[in-house]
There are 2 protein chains.
Amino acid sequence: MLSKKTQYAFHALIHLAENADKGPILISEIAQEKSISIKFLENILLELKNAGILGSKKGKGGGYYLLKTPKEIPLAKIIRLLDGAIALLPCVSLNYYERCENCRDEAVCGLNDVMSKVRDATLKILENKTLKDILTRNVSIL
Amino acid sequence: MLSKKTQYAFHALIHLAENADKGPILISEIAQEKSISIKFLENILLELKNAGILGSKKGKGGGYYLLKTPKEIPLAKIIRLLDGAIALLPCVSLNYYERCENCRDEAVCGLNDVMSKVRDATLKILENKTLKDILTRNVSIL
DNA sequence: ATAAACTCTATAAAAAGGATAGACTTTTTT
DNA sequence: AAAAAAGTCTATCCTTTTTATAGAGTTTAT
């Protein structure tokens with residue numbers, strides 16, 4: 001299950017993308033629109049900024065805005081940034097790998113094998129679907 | 001990421017399956033073999049017993065044993081039992097569904113759509129692979 | 001009767017998740 | 001230059017979940 005942090009990040013990014021034409025967006029606007037604690041959202045947007053996904057402008061008329069087009073932001077990237085590993089086990093994680101104690105040889109571990117398949121199937125979707133893909137259907141009904 | 005509980009459950013079940021011919025297996029044996037705290041493992045085995053996956057025998061000569069053949073135990077069942085939902089979002093979970101606030105209509109939510117696809121891809125593997133499948137490769141090298 | 005072994009309830013320590021406060025910095029406007 | 005608006009950043013706190021432990025109770029074989 002994705003953490004609240006990641007879920008909130010998705011909602012915030014969707015709002016930013018759908019209002020990209022309006023210049024910098026206030027944290028408070030996103031917080032209100034999506035029912036997220038404003039201070040908690042601050043932390044999340046800051047992480048997204050430090051990762052180079054968002055930019056911010058201080059002072060009056062400031063706020064947050066996307067630094068990339070929605071199409072350039074894969075969902076997997078957001079999840080990894082805020083939640084860490086996408087894989088179900090540390091020993092099959094590509095980005096947060098940890099060796100498995102009690103496992104003589106991961107190459108012949110059946111659990112490792114199955115979980116690698118799950119990881120591949122998941123990543124095939126999450127690395128190819130982008131912020132743009134989770135906007136499409138929303139936008140079409142507006 | 002799967003919890004330690006689920007990870008330990010897999011290891012314990014593997015041990016039980018690979019030693020099924022030896023009658024009831026002691027908790028302490030599994031704990032030692034797999035480097036798991038004996039008391040923590042107790043809880044896990046009890047949950048598996050209450051779910052009808054394991055049986056136990058008290059008293060001298062007692063221990064735990066599988067009530068089903070490894071082939072009859074899908075990995076998804078173990079995960080759901082100890083970890084809960086397999087899906088990444090509550091609003092796409094089949095067994096632990098929760099409605100999404102802030103979502104006017106889940107049927108047209110792009111996030112819901114993508115996460116449903118991830119769930120389907122994951123379940124396709126985890127509901128068809130069983131305890132037997134994570135033994136195969138282990139056993140073949142013994 | 002006794003020792004071996006699982007059962008069960010309670011509790012506690014540690015980690016993660018979620019939320020808040022407040023001082024600080026930057027920018028715009030006047 | 002000063003004031004106000006707005007975001008930045010660090011520290012702290014509370015709650016929940018996860019992980020782990022303790023110990024008394026019950027069952028069974030011998």
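For the numbers below, each heavy atom of this structure counts, side chains included, while hydrogens, waters and symmetry mates do not. Every chain is numbered from 1 and lettered A, B, ... according to where its sequence line falls, protein lines coming before strand lines.
- Residues of residues 77-89 of chain A having a heavy atom closer than 4.0 Å to DNA chain C: none are found.
- Between dT7(C), dG18(C), dT8(D), one nucleotide has an atom nearer to the side chain of Y64(A) than all others, and that is dT8(D).
- The CG atom of N43(B) sits 13 Å away from the P atom of dA22(D) (whole-angstrom rounding).
- In this structure, CG of L45(B) is placed 16 Å from P of dT19(D), rounded to the nearest angstrom.
- Distance, K49(A) NZ to dG7(D) P: 12 Å, rounded to whole Å.
- One finds no side-chain N or O of K58(B) lying less than 4.0 angstrom from the OP1 or OP2 phosphate oxygen of dT7(C).
- Close to dT17(D), at under 4.0 Å from its OP1 or OP2, lies no side-chain N or O of S3(B).
- A close approach under 4.0 Å does occur between a side-chain nitrogen or oxygen of K57(A) and OP1 or OP2 of dT28(C).
- The backbone N or O of R80(B) sits less than 3.5 Å from a side-chain atom of Y96(B), completing a donor-acceptor pair.
- Atom NZ in K60(B) sits roughly 6 Å away from atom C1' in dT30(D) (whole-Å rounding).
- Under the 4.5 Å side-chain heavy-atom criterion for Ile, Leu, Val, Met, Phe, Trp and Tyr, L46(A) and I30(A) are members of the same hydrophobic cluster.
- Residue Q32(B) qualifies as open at atom CD: its count of foreign heavy atoms under 6.0 Å is 12 or below.
- Taking atom CG on L16(A) and atom C1' on dG7(D), their separation rounds to 14 Å, with Å as the unit.
- The side chain of K5(B) contributes no N or O atom lying less than 4.0 Å from OP1 or OP2 of dA20(D).
- In terms of heavy atoms, F10(B) sits closest to L75(B) at CE2-CD2, 3.6 Å.
- Although no hydrogens or angles enter the test, the distance criterion places no donor-acceptor pair under 3.5 Å between the side chain of D83(B) and the main chain of I79(B).
- Counting only heavy atoms from C-beta outward, the side chains of I36(B) and Y8(B) approach each other to under 4.5 Å.
- One atom, NZ of K4(A), and another, P of dT17(D), lie 11 Å apart when rounded to the nearest Å.
- We find that K5(A) and E47(A) are joined by a salt bridge, their nearest charged nitrogen and carboxylate oxygen being less than 4.0 Å apart.
- Side-chain contact between I53(B) and L67(B): absent, with no pair of heavy atoms (C-beta onward) separated by less than 4.5 Å.
- At a cut-off of 3.5 angstrom, the base of dC6(C) holds no donor-acceptor pair with the side chain of E42(B).
- Proximity of residues 19-41 of chain B to DNA chain C (heavy atom under 4.0 angstrom from any strand atom) is restricted to I25(B), L26(B), I27(B).
- Atom CG in N50(A) sits roughly 16 Å away from atom P in dG7(D) (whole-Å rounding).
- The nearest whole Å value for the distance from the CE atom in M1(B) to the P atom in dT18(D) is 14 Å.
- Distances shown here put every side-chain N or O of Y8(A) at or beyond 4.0 Å from the OP1 or OP2 atom of dG17(C).
- By the 4.5 Å heavy-atom criterion applied to side chains, V92(B) and Y97(B) are not counted as neighbours.
- Checked for salt-bridge contact, D113(B) and K117(B) meet the test: a charged N lies under 4.0 Å from a carboxylate O.
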